[in-house]
Amino acid sequence: MRGTEIDRAYIRHAIEAADLNAVRMTLYQNTGDPDLAALPLQLDDGQREWLIEKALSWLEENAGPHSLPEPPEAELRRLMNMATGEEIGDLEFEARREQAAFRKFPFLVDWVGEKPRIPDDVSVAIIGGGFSGIVMAVQCELLGMPYIVLERRAEFGGTWNINRYPDVRVDTLSSTYEFSFEKSYRWSEYFARGEEVRSYLDHVASKFGVRANTRFSHDLKCAAFDENRDLWRLEVDTPDGLQTLEAKVVVSATGLFANPKLIEFEGDDRFKGRIIHPARWPEDLSLEGKRVAIIGNGSTGIQMAGAIAKDAEQTYVFQRTPQWIMPREKYGRPVEPEIHWLLDNFPGYWNWSRYLAGAALFDTHALVTTDRDWQAGGGQVNQGNDALRKDLTEYIKNETGGRQDLIDRLIPDYAPFSRRPVVDNGWYRALTQDDVELITHPIVRLTKSGIETADGTVHEVDVIVTATGFEVVKYLHPGRFIGRDGIDIHEAWEGTDGPRAWIGMMVPRFPNFFMLYGPNSQPVSSGPSQVTWFTVWSAFVGRCLKRMLTDGVSRIEVTQDAYASYNEALDEEAAKLVMMTKEGGIEKNYYVNNEHGRVQVNAPWYGPVFQQMFSNVDWDALEMTAKTEAASASE
Ligand code: NAP
């Protein structure tokens, strides 16, 4: 590091700021010292100091920018057991073995041996240039598949491009919310701001060749499957007018949060101020000296409130339903330069720190399902969930300084994990400020000058921020997808109980079509981060592409039977989730399709089981039609 002396004191600071369990694992992998393996996960002061000294001495001698190779399978498993202090099963080992990311392209698939010749008529169109579109493109790069990314905006980023509201940032650790194949990105904060996430995606897209295959300002209007030629014809709105493109395979990577939910309140045409959805935040907006209302307390409303309250003269927070809101260690904090040094110079530390950062989610499945025995003994949901509820209740009391008027309205009457966990960005503290008011009376209408609530009060405001979420039920919207027999995917779904898919990705009568983040695909628990899931799903498409190429398959489609039986099993599994029980208070939760009373966003499976569905493909569920190149050429 230029200008910084890397002496003993500096290295000590680095180790002290680090995840000590990751330090232990890294040192052990480098030295094989059995005393390190014998250390418990919870260190006492003496053990802590011993470990720091040991790492310090090793780094003084050996620090340097090299990486470690992936250990042989048995050794890797032993290390993984040691990292979390438990013997993991085969299923968990398979699911997590790539998490430490020693391989160059973890989770993704490559050819074994020589790459085959790719026929001229085989190409992939990826719709969307956010996280999932980019990793899908990298998967195509690895396989040597010709592909194109169609992005309707002028930049990469997807939801991170759309959302530019005050203090927008990642609310899971950046070290888990990143691609496992980019090993040297230096996040400046533990929870990166939106702007940095956009730069990151831009960087990855350039580094891995995606940019060259991306067409910006290309908005897919309609995709129709041509049954005679087994390919998709895409109508795309471009800066040069409407164009038609063709692709053998289409992958929708349009995400879940592409369409803001814009609520129409009575009287909104009368209101003289501005109404703004966070996903359409005006660049030039200053809130200084303004009176601002924030409607909604999901992840977005909670994240922005503190920053808004800092600028605004008066802030009104409108809460319809209380949320369980959790603190996160190191939220809002910069990554120390010493940690960057450690990541660069302690071989294996990057791997183990990301593995252990993700380990916090390994065992969460038990929290989201009800335990009948526990309930029979008087418990509310299950032991872990009830304990969390108690802790979070205490947290509310502490953060509000014991203000009973707030506490009474802030504690939810449903169980944690019935909804997407929300992260506290100083929201409770902000509510205690003199210039911030929590309003829980229902909104009746907007007036010329503000918001009228059911108690008859008009709250006078200049700006209303509607942090009311996204139209998650409108998968793929507004693009049209027309499959075999002229069937439109939205019409097909509308005639049933809403959008469904097989393993969240495929729909019968839509051959050669895959969705990343499709219906019922967001794992409810026990798995890697969302970005890793995008990688896992892209690898599934990669496996199908490989099969198409090696077996001369021209059409790949999920069978009606597989789709139906998968969804039947899914409904059965989903019924066990706390969000679907009275303890979860199922109504008004975007995970749930309220119209049809069923889970629509989540995959209810235990994470490693769900992951297996992508890595160990059930080929019997897929109908594959072979067509030789010669045959297609003659048509
Ligand atoms: P959301 O979770 O759907 O929350 C919407 C909020 O608006 C809720 O508080 C809801 O109240 C309220 N609301 C909706 N309609 C209303 C109405 N007619 N009147 C009054 N209130 C109304 O949406 P979100 O906060 O935008 O979050 C969506 C997802 O985006 C998150 O779950 C997360 O996955 C993602 N996200 C991530 C980050 C991050 O990582 N940094 C940040 C933001 C968002 P009810 O609860 O009563 O329905």
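All residue numbers in this chain count up from 1 along the given sequence. Remember, it's 1-based here, ligands and their atoms both numbered in the order they're listed. Any value given below was found using the heavy atoms of this structure, including those in side chains, with hydrogens, waters and symmetry copies removed.
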For ligand 1, find out whether one of its N or O atoms is nearer than 3.5 Å to an N or O atom of [X].
X    : value
F257 : no
S299 : yes
N297 : yes
R169 : yes

Of the backbone atoms (N, CA, C, O) and the side-chain heavy atoms from C-beta on, which set of [X] has a member under 4.0 Å from an atom of ligand 1: side chain, backbone, both, or neither?
X    : answer
V170 : backbone
T321 : both
Y165 : side chain
P278 : neither
F318 : neither

State whether a side-chain donor-acceptor pair under 3.5 Å links E336 with Y190.
-> yes
Are R211 and D202 close enough for a salt bridge, meaning some N to O gap below 4.0 Å?
->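 Looking at D202 together with R211, the answer is yes, because their closest N to O distance falls below 4.0 Å.
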Between D171 and R420, does at least one N-O distance fall below 4.0 Å, as a salt bridge requires?
->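 A salt bridge links D171 with R420.
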Which residue from R420, H277, R193 reaches closest to atom 37 (C) of ligand 1 through any of its heavy atoms?
->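 Heavy atom nearest to atom 37 (C) of ligand 1 belongs to R420.
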Which atoms of ligand 1 sit under 4.0 Å from any heavy atom of [X]?
X    : result
Q303 : 41 (N), 42 (C)
I263 : 15 (N), 18 (N)
F470 : 26 (O)
I295 : 20 (C), 21 (N)
G296 : 6 (C), 7 (O), 9 (O), 12 (C)

Donor-acceptor pair, side chain of H277 and main chain of G469, under 3.5 angstrom = yes
Flag yes if more than 12 heavy atoms outside Q404 fall under 6.0 Å of its CD atom; otherwise flag no.
->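 More than 12 heavy atoms, drawn from other residues, nucleotides or ligands, come within 6.0 Å of this atom.
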With R328 as the cation and F191 as the aromatic partner, state whether NZ or CZ is under 6.0 Å from the six-membered ring centre and within 45° of the axis.
-> no
For Y566, is the NZ or CZ atom of R500 found under 6.0 angstrom from the centre of its six-membered ring and inside 45 degrees of the ring axis?
-> no
K576: salt bridge (charged side-chain N to carboxylate O under 4.0 Å, His left out) partners, not counting sequence neighbours =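 K576 satisfies salt bridge (charged side-chain N to carboxylate O under 4.0 Å, His left out) with E573 only.
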With sequence neighbours left out, write down each residue that passes ring-ring contact (aromatic ring centres under 6.0 Å, His included) with Y185, or none if nothing qualifies.
-> W187, Y200, H203
Hey, would you say the Y517 and Y475 ring centroids sit under 6.0 Å apart?
-> no
